[in-house]
Student: 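For reference, the structure I am asking about is given below.
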Amino acid sequence: VAHGLPADRVQVRPYFLNLERYRVAAGESGEHLLYAGRLSKEKGLSTLFNALGRRPHLRLRVAGTGPLEAELRARARAENLHVEFLGHLAEEALHEAIRAARAVVVPSEWYENQPYAVLESFALGVPVVASAIGGLPELVLPNQTGWLVPNGDAEMLAWAMDEAHKDAATARDLGLRGRKKMEAEFAARPALESLEALYARVIG
């Protein structure tokens, strides 16, 4: 629209999930944090590891593979960071890993749109610590569904992860609010009904 497209002909369609496939954890989460995604530069992993170095008591599990894997493993060993690499996880194993985490960290430094790393975490009742870039601030709302920090800011990321780590009750509450946000805005049935209504309007 900013570049001249007519605003009345532009509609943003969000992704949606079949929430019946996402079961919220029944018990308390673990004390660790989780990163789930591609291990590549634009995902902010260098900043994430810098943040871990500022809070050596924090524990991180990493689910995923990518070009930075060997470098990150070597860095974790060299700096004595508490990082466990899980490799690629299939759907149910990934869901279990998310449910077990205190919070999921999305430290991206490029313009994420509406990443499944956030949507799936909310669907499973887990809050998110994320960079304030791209579409992430539309999903991760401070004091509502997680913690939002300036992208590339290791100190603020360390602070937010520590906040999640030390307050299990707040993390649980934010995660459940994320689930409610998913049910209200990103469930499959209302999304499909809205899409069909849009098609009908365009055809008409």
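Note that this is a predicted model, so its numbers are computed, not measured. What's counted below: heavy atoms across the whole structure, side chains too, no hydrogens, waters or symmetry copies.
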Student: To the nearest 0.5 Å, how far apart are CE in M182 and CZ in F16?
Tutor: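 M182 CE to F16 CZ: 10.5 Å, rounded to 0.5 Å.
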Student: Nearest 0.5 angstrom please: K181 NZ to L174 CG, how far?
Tutor: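 Reported value, rounded in 0.5 Å steps: 13.0 Å.
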Student: What's the separation between atom CG in L60 and atom CG in L81, rounded to the nearest 0.5 Å?
Tutor: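 Going from CG on L60 over to CG on L81, the span is 9.0 Å.
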Student: State, to 0.1 Å, how close F49 and A76 come at their nearest heavy-atom pair, and which atoms those are.
Tutor: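 Smallest interatomic distance, heavy atoms only, reads CE2-CB, 4.2 Å.
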Student: Go through the structure and list residues passing salt bridge (Lys or Arg N to Asp or Glu O under 4.0 Å) with E84, not counting sequence neighbours.
Tutor: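 Partners of E84 under the salt bridge (Lys or Arg N to Asp or Glu O under 4.0 Å) test: R61.
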Student: Which distance, rounded to the nearest 0.5 Å, do you find between the CG of L157 and the CG of N50?
Tutor: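 The CG atom of N50 is 9.5 Å from CG of L157, to the nearest 0.5 Å.
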Student: After noting the C-alpha distance and the side-chain angles of R21 and E91, does the key distance pass the side chain to side chain contact (heavy atoms under 4.5 Å, CB included) rule?
Tutor: CA-CA 10 Å; R21 294 171 57 183; E91 181 178 281; 2.4 Å; yes
Student: Would a single hydrophobic cluster contain both W159 and L33, if residues Ile, Leu, Val, Met, Phe, Trp and Tyr are joined by side-chain heavy-atom contacts under 4.5 Å?
Tutor: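 Yes, it is one cluster - the side chains of L33 and W159 are joined through contacts under 4.5 Å.
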Student: To the nearest 0.5 angstrom, please state how far the NZ atom of K43 sits from the OH atom of Y35.
Tutor: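 That separation rounds to 5.5 Å.
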Student: Can you see which heavy atom on L68 is nearest to which on S40, and at what distance?
Tutor: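 So the minimum-distance heavy-atom pair works out to CD1-C, 3.5 Å.
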Student: Look at the side chain of Q114 and the backbone N and O of Y15, then say whether any donor-acceptor pair between them is shorter than 3.5 Å.
Tutor: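 Side chain of Q114 to backbone of Y15: a pair is present.
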Student: State whether the side chain of R13 and the backbone N or O of A191 hold a donor-acceptor pair below 3.5 Å, judged by distance alone.
Tutor: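 Such a contact is found between R13 side chain and A191 backbone.
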Student: Given R55, which partner from the list H165, E155, H82 fulfils the side-chain hydrogen bond (donor to acceptor under 3.5 Å, both in side chains) test?
Tutor: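 Exactly one option meets the side-chain hydrogen bond (donor to acceptor under 3.5 Å, both in side chains) with R55, and it is E155.
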Student: Show your reasoning for whether salt bridge (Lys or Arg N to Asp or Glu O under 4.0 Å) applies to K180 and E183.
Tutor: CA-CA 5 Å; K180 290 180 180 178; E183 292 170 352; over 6 Å; no
Student: Please tell me whether R177 and N143 have a donor and an acceptor in their side chains that are separated by less than 3.5 angstrom.
Tutor: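 No donor-acceptor contact under 3.5 Å links the two side chains.
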Student: Would you tabulate the side-chain donor-acceptor contacts of residues 118-125 under 3.5 Å, counting partners in other chains and residues two or more places apart, or write 'none'?
Tutor:
{"unit_1": "E120", "atom_1": "OE2", "unit_2": "Y22", "atom_2": "OH", "d": "2.6"}
{"unit_1": "S121", "atom_1": "OG", "unit_2": "A117", "atom_2": "O", "d": "2.6"}

Student: Would you say that more than 12 heavy atoms from the other residues, nucleotides or ligands in this model lie under 6.0 Å from the CD of E138, or not?
Tutor: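 No, not enclosed.
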Student: So, taking the atom named OG in S131 and the one named CD in E109, what distance separates them when rounded to the nearest 0.5 Å?
Tutor: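 Here the interatomic distance stands at 6.5 Å.
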